[in-house]
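Only one structure is covered here, and it is reproduced in the block below.
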Amino acid sequence: MIKIAIIGLGKMGLSHTALLGAHPKVDLVAVCDTSSMVLNGFKRYNKSIKLYEDFNEMYAKEQLDAVLIATPTKLHYLMAKPAIEKGVHVFCEKPFSLTLEQGEELVAFCNEKKVINQVGYHNHFIGTFREMKRLLAAGILGDQFHFTGEAYGPVVTKPKGGSWRAKPEEGGGCLFDYASHVLNLIQEVIGKPTKVKGTLLKRFYSKEVEDGVFSSLILDSGLSGTLSVNWSDETYRKMSTSLMVIGDKGKIICDATELKVYLKEENKTESLPKGWSIKYITDLALPIDFYLRGEEYSAQIDYFIDNVEKGKQGDINTFEQALYTDKVIEMLKTDSNE
Amino acid sequence: MDKVLFGDNQFFAVNHLSDEKSRAQSMRFKDTKSIMYVLDQAIDLGINTFMCTTHDRIAEITEIMRKNKARYQNFNIYPCMPYAHKYANAVTELGIMGTIKQYVPGNIFSLAAKGGMALFNKDFGKLMEILIDAELKMFKDINTPVIFLQNVLVDMILGLGMTEVFAEYAEYVKKKYNAEPGFITMNMPMLYDELEKLGIQNPIICSSINKIGFRMSGGKDIYEKYLTEKEFRPIAMQVLAAGALRPQEAIEYLGQFPKIESVLFGASSKGHIQETKELIENNLK
């Protein structure tokens with residue numbers, strides 16, 4: 001059994017706690033949060049989990065194999081560092097770091113201490129995006145001309161709001177919260193953005209942070225494309241993320257539910273016909289043992305636990321990859337000020 | 001329970017297979033009249049139960065039903081609460097306490113005088129009762145013989161190991177609403193085991209049951225074992241596996257499990273409603 005603890009019992013933290021609580025290979029020993037209401041909930045309904053308000057005290061008293069950090073971004077460094085020091089493997093929520101210096105230090109420290117690390121960019125555990133990555137790598141689109149990366153959803157649809165997500169200094173805003181997912185997907189599925197141009201960080205309702213992120217990205221391959229993200233769009237029931245790439249042999253459009261491929265000519269190796277074909281998530285979903293809000297949330301936890309069990313660093317959602325996404329976020333911020 | 005339960009996903013832009021289809025649905029059902037039109041067609045085809053989330057717009061439907069008592073007096077609604085996205089979006093924006101403050105109805109301010117939030121801090125049972133009452137307010141004077149907890153909440157509680165909440169919930173809806181408690185889950189075998197430990201006998205459990213094992217956590221085999229061997233009242237949902245299966249083969253598959261009491265399905269056209277209803281009635285034992 002992998003002994004694990006969680007710090008931060010907000011929306012993601014509670015969801016991770018439930019997934020770990022139901023995981024057959026996990027012994028969920030402790031949770032840490034400052035909300036007395038949440039801790040009282042555990043005290044009342046689940047007496048087998050130890051409760052802490054101070055993460056340093058928890059690190060000192062518990063013998064952990066791993067820790068999951070689901071606190072606001074500004075706290076990640078503070079909470080990850082002492083865990084790595086003790087050789088405790090770390091799963092950290094996204095976005096990874098508030099400053100690049102802190103992120104770089106954590107990446108180097110993990111390498112030094114041989115600590116297994118993962119960040120919660122869960123889209124990589126959605127079958128459709130995985131299949132898109134595979135098809136692009138197989139070159140089915142030929143010469144690529146253009147891409148788009150988009151995400152829309154109804155987070156801030158009125159002029160109010162009070163949580164840390166409304167505060168730029170704590171890692172709030174649409175750029176950190178929504179756009180980071182799209183940037184990370186583009187980076188790992190299509191290619192690494194190395195330059196950004198014409199960035200617009202637009203405020204619609206929020207006073208201190210942007211609600212929309214729009215920009216042109218140029219990737220290391222030379223391919224360029226468009227980023228369009230808006231968390232104030234109530235025509236979407238929930239966050240909806242999609243990627244599109246077009247090339248001289250065809251086009252791929254992909255979201256969490258379906259992957260649509262258009263080819264000018266049949267591709268025999270991939271058994272894809274000329275014209276449109278659609279692959280659905282029902283065929284591509286990863287098998288899991290416990291479902292909460294989507295297969296991807298369970299699958300990313302399974303992946304982390306398996307890596308901890310085997311003692312080997314995975315190659316999906318490493319701190320290093322998440323740090324690169326933080327770098328692109330910095331590029332966008334700098335560009336928008338110019 | 002009726003064999004055929006009419007669902008509401010199609011009305012609220014829930015489509016597990018295609019975001020694009022879900023947007024098309026959201027345009028088609030933008031006003032309550034268009035929802036009522038389909039619901040009335042279902043009723044005319046002999047469907048007698050509507051199983052729906054406590055979405056804000058359902059309040060408009062129950063209002064119409066109250067105003068036309070004669071037509072709807074024998075019609076049943078099985079509410080499923082809470083409408084989780086409402087809370088999930090609110091938690092992202094306002095945090096957990098902010099969300100509770102937003103959704104606990106007005107009387108929280110009078111409670112505040114007596115220690116308000118601090119009271120909830122200790123008395124979770126009371127908080128749960130207030131939230132249940134708030135969610136069910138829209139069903140006043142409507143027949144709600146079964147009241148469900150939604151899967152996101154059921155599976156969250158299950159994972160957190162806070163299963164005693166299920167017992168408190170069951171007791172409250174029986175006592176206050178004279179209704180049977182129901183549970184929707186994506187983890188049916190695990191939920192069954194926990195309900196059994198709590199002494200909740202022969203529970204109503206609604207879960208994905210389909211030929212290809214879609215959203216059947218742990219795999220199809222263990223689901224089939226439970227459907228054959230355990231004592232509970234299963235409702236099958238996602239029987240078409242989000243559209244991956246044809247209705248005929250999908251519902252024939254359910255026929256081999258005599259314990260399945262009901263099938264939950266949603267459709268927007270009269271033809272589809274009729275076809276699916278007949279398949280269910282012909283195949284379910």
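Order of the sequence lines fixes the chain letters, A, B, ..., with proteins taken first and strands second; residue numbering starts at 1 for each chain. Nothing here was measured: the structure is a model prediction, and the numbers come from that model.
- For the ring pair (Phe, Tyr, Trp, His ring centres under 6.0 Å) test, residues two or more places apart in sequence or in another chain that qualify with A:Y152 are A:Y236.
- Heavy-atom neighbours of A:K3 NZ from other residues, nucleotides or ligands within 6.0 Å: at or below the threshold of 12.
- Atoms CZ and CD1, from B:R215 and A:I281 in turn, are 7.5 Å apart once rounded to the nearest 0.5 Å.
- Residues passing the side chain to side chain donor-acceptor pair (under 3.5 Å) test with B:E171: none are found, sequence neighbours excluded.
- Taken from CG in B:L160 to CD1 in A:I49, the straight-line distance is 7.5 Å, to the nearest 0.5 Å.
- Within 6.0 Å of CD in B:E249 there are more than 12 heavy atoms belonging to other residues, nucleotides or ligands.
- For B:E194, no part lies under 4.5 angstrom from a heavy atom of chain A.
- Residues satisfying the salt bridge (Lys or Arg N to Asp or Glu O under 4.0 Å) criterion with B:D133, sequence neighbours excluded, are B:K176.
- Within a 6.0 Å sphere centred on NZ of B:K225, other residues, nucleotides and ligands contribute 12 heavy atoms or fewer.
- Remark: B:N187 CG to A:L292 CG distance equals 8.0 Å, nearest 0.5 Å.
- Listed options A:A18, A:A285, A:S298 were ranked by heavy-atom pairs under 4.5 angstrom with chain B; first place goes to A:A18.
- The environment of B:K230 atom NZ is dense: over 12 non-hydrogen atoms of other residues, nucleotides or ligands sit within 6.0 angstrom.
- For the atom pair CG of A:D283 and CD1 of B:I212, the computed distance is 6.5 Å after rounding to the nearest 0.5 Å.
- Ranked by heavy-atom pairs under 4.5 Å with chain B, the first of A:R293, A:E295, A:K47 is A:E295.
- Rounding to the nearest 0.5 Å places CZ of B:F124 at 9.5 Å from NZ of A:K43.
- Contacts from residues 149-157 of chain B to chain A, taken as heavy-atom pairs separated by less than 4.5 Å, involve B:V152, B:D155, B:M156 in sequence order.
- For the atom pair B:M186 CE and A:Y291 OH, the distance stands at 5.0 Å (nearest 0.5 Å).
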